[in-house]
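Everything on this sheet refers to the single structure shown next.
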Amino acid sequence: MSDFIVNGTLIDGTGAAPTPLRWIEIAGERIVGVVSGEENLGRPLPEGGRVLFDATGLTVMPGIVDAHCHISYGVARGMEEQDLYASAEYRAIRAMWHAGQVLRAGVTSICDPGGSWNVAIAVRDAIKAGMFQGPRVAAAARYLTTHTGLADYYPTWVGAPKSGVGAITNDVQAMLTEVRAQAKNGVDLVKIAASGESSILSPGGGSVPAFRREELAVIVDEAHRLGKRVTAHARNGQAIVDCIDAGVDWLQHGDFMDKEQVRRLADSGIPLCPTMTLNMNMADWGHIAGCSQARIDRVRRDMEKSIETLSYAHRQGVRMMCGTDTGFAVTPYGEWHAREMELFVTLLGMSPLQAISCGTKEAAFAVDPRGIGSLENGRWADVLVVDGDPVADIALLQDKSRLRALYKGGVVVDLTPQAEATRWPWEKSLEISHGELRYDAVHGKKAAE
């Protein structure tokens with residue numbers, strides 16, 4: 001017997017125009033039929049079908065996909081908190097809690113492109129085993145980095161702690177060894193810190209390449225040989241070009257490209273995940289999370305350049321996916337996963353329908369490009385029902401009170417909010433609430449908590 005979601009307006013994630021929905025038919029965990037269009041509104045349901053949800057007056061769309069969500073970071077305010085505090089065991093339990101918050105925000109799939117220990121792998125497997133409700137997860141482990149790459153945060157006499165998010169790979173053998181170890185431990189993808197920010201190497205701001213082109217090629221070749229895809233943090237334009245030549249599967253950020261480098265990326269067909277949300281949140285509300293004014297000012301200057309670069313990239317046809325860099329204090333779990341779509345509209349000039357596709361079918365590239373991201377036959381039945389028209393108001397997807405129903409693999413998700421938790425267990429006695437880092441996602445103001 002099939003289950004049916006009926007009526008409402010269908011946005012299927014493919015970029016097709018919204019259309020009246022008659023039904024989505026679900027058998028088991030998959031979509032087996034979609035009937036839509038004015039001509040089908042009077043069509044009777046197949047005999048014996050069960051109506052899961054009547055979406056009359058609502059919008060039916062794919063579950064949101066966040067292509068850049070660090071589930072192990074724990075709402076970190078700084079690199080020490082991100083890398084040093086808490087055991088692997090506590091991080092895994094905390095991450096599972098946070099995964100529930102992500103799911104209840106309408107996000108049915110995430111890519112975790114790097115974090116501490118093997119936390120993302122553990123969360124992925126616990127969800128797959130049915131122990132907890134959470135989004136689908138494509139998991140990386142620690143970033144491969146060099147001394148000039150992102151994730152080598154500390155002085156050389158301190159080094160990179162095993163609990164940190166970076167694995168120092170300064171020679172080819174170390175690169176091969178790390179890729180093989182990560183493949184053995186069950187990653188879905190390998191993350192390279194292909195560029196890095198450094199006040200010493202780039203005192204005027206900006207970004208520097210972290211690997212030679214031939215080193216990147218070694219990493220990519222070995223990961224692909226072992227059946228793993230590769231993504232790269234690459235803000236620097238030369239790093240972007242080197243990653244293209246090395247065959248990286250998709251790229252993160254790309255905000256310091258010149259026009260020629262943008263055109264190279266467009267011609268390559270390699271997708272880009274800009275993650276504008278983190279920097280925009282820092283520019284708007286970084287002071288709440290303890291960012292210095294100097295850092296906020298630098299981020300604002302960088303964003304001016306980034307918007308110019310990424311707008312040009314959109315016009316040149318660069319494939320873009322939505323990701324938010326969730327996991328930091330300015331991007332807490334379950335709060336901002338739909339803001340990237342809004343920024344694609346307001347800053348990059350996309351239509352709302354284009355942006356929705358970037359947050360569904362395009363973002364699916366980082367998780368399961370053939371199984372999620374659109375409401376089509378054979379895809380997983382990951383369905384979000386919202387009150388309102390996101391084509392008319394893309395920001396409404398950030399308002400969790402507008403979520404009317406959510407299904408992951410045809411199974412209803414309980415959207416009841418979790419009880420509040422503190423950031424750290426000892427903060428209970430200090431009366432420091434996790435809620436202090438939550439924001440009103442619609443009006444962009446700090447929640448009155």
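- Just one residue in the list H253, Q252, H68 forms a side-chain hydrogen bond (donor to acceptor under 3.5 Å, both in side chains) with H233, and that residue is H253.
- For the pair D242 and R213, the salt-bridge criterion is met [side-chain N within less than 4.0 Å of a carboxylate O].
- D368 and R379 are not joined by a salt bridge, as no carboxylate oxygen comes within less than 4.0 angstrom of a charged side-chain nitrogen.
- Rounding to the nearest 0.5 angstrom, the gap separating the CD1 atom in I192 from the CG atom in L216 is 5.5 Å.
- With respect to H70, the side-chain hydrogen bond (donor to acceptor under 3.5 Å, both in side chains) criterion is satisfied by exactly one of D325, T326, T331: D325.
- For the pair C273 and L251, the minimum side-chain heavy-atom distance is 4.5 Å or more.
- Taking the ring centre of Y312 as origin, the terminal cationic atom of K259 falls inside the region bounded by 6.0 Å and 45° from the ring axis.
- At least one donor-acceptor pair under 3.5 Å links the side chain of E340 to the backbone N or O of T277.
- At a threshold of 4.0 Å, the pair E304-R301 does not count as salt-bridged, since none of the basic side-chain nitrogens sits closer than that to a carboxylate oxygen.
- N40 places no side-chain N or O within donor-acceptor distance of the main-chain N or O of R22, the cut-off being under 3.5 Å.
- Of all non-hydrogen atoms in L406 and L103, the two that sit nearest each other are CD2-O, 3.2 Å.
- Between R300 and D297 there is a side-chain heavy-atom pair separated by less than 4.5 Å.
- A side-chain donor-acceptor contact under 3.5 Å links R404 to the backbone of S401.
- Side-chain contact check for T9 versus L21: every heavy-atom pair is 4.5 Å or farther apart.
- Although no hydrogens or angles enter the test, the distance criterion places a donor-acceptor pair under 3.5 Å between the side chain of S268 and the main chain of L265.
- Side-chain atoms of M280 and M303, non-hydrogen and from C-beta on, do get closer than 4.5 Å to each other.
- Residue W336 holds its CH2 atom at 8.5 Å from CD of E342, rounded to the nearest 0.5 Å.
- Remark: the backbone N or O of P113 is paired with a side-chain donor or acceptor of K191 at under 3.5 angstrom.
- Atom-to-atom distance recorded for D387:CG and L403:CG is 10.0 Å, nearest 0.5 angstrom.
- Note on E25 versus R30: no salt bridge recorded, every NZ/NE/NH1/NH2 to OD/OE distance being 4.0 Å or above.
- For the pair R77 and F328, the cation does not sit on the ring face, since its NZ or CZ is not both under 6.0 Å from the ring centre and inside 45° of the axis.
- Closest non-hydrogen pair, S116 versus S72, comes out as N-OG, 3.1 Å.
- Note that CG of L272 is 13.0 Å distant from NE2 of H314, once rounded to the nearest 0.5 Å.
- In this structure, V190 and L144 have side chains that are in contact, with non-hydrogen atoms separated by less than 4.5 Å.
- Under a 3.5 Å cut-off, the side chain of T146 and the backbone N or O of N170 do not form any donor-acceptor pair.
- Between V187 and R124, the shortest heavy-atom distance links the atoms C-NH1, 4.2 Å.
- One N or O on the side chain of Q354 and one on the backbone of S351 form a donor-acceptor pair closer than 3.5 Å.
- Within a 6.0 Å sphere centred on NZ of K305, heavy atoms belonging to other residues, nucleotides or ligands number more than 12.
- R235 places no side-chain N or O within 3.5 Å of a backbone atom of G254 that could act as its donor or acceptor partner.
- Contact check on E215 versus R212 returns no salt bridge, with no Lys/Arg side-chain nitrogen under 4.0 Å from an Asp/Glu carboxylate oxygen.
- Between the side chain of R142 and the backbone N or O of G166, at least one donor-acceptor pair lies under 3.5 Å.
- Put simply, CG on L150 and CG on D152 are 9.5 Å apart, with the number rounded to the nearest 0.5 Å.
- Under a cut-off of 6.0 angstrom, the local environment of CZ in R180 is crowded, with over 12 non-hydrogen atoms contributed by other residues, nucleotides or ligands.
- Scanning all heavy atoms of the two residues, the minimum distance from A27 to V32 falls at CB-CG1, 3.7 Å.
- Stacking of R339 on the aromatic ring of F344 is not recorded, the 6.0 Å distance cut-off and the 45° axial limit not both being met.
- Contact detail for S374 and T14: the closest heavy-atom pair is CB-CG2, 4.0 Å.
- In this structure, Y333 and H98 have parallel ring planes: the angle between them is below the 30° cut-off, well short of the 60° mark.
- Listed for the N118 side chain is no donor-acceptor partner under 3.5 Å among the backbone atoms of I121.
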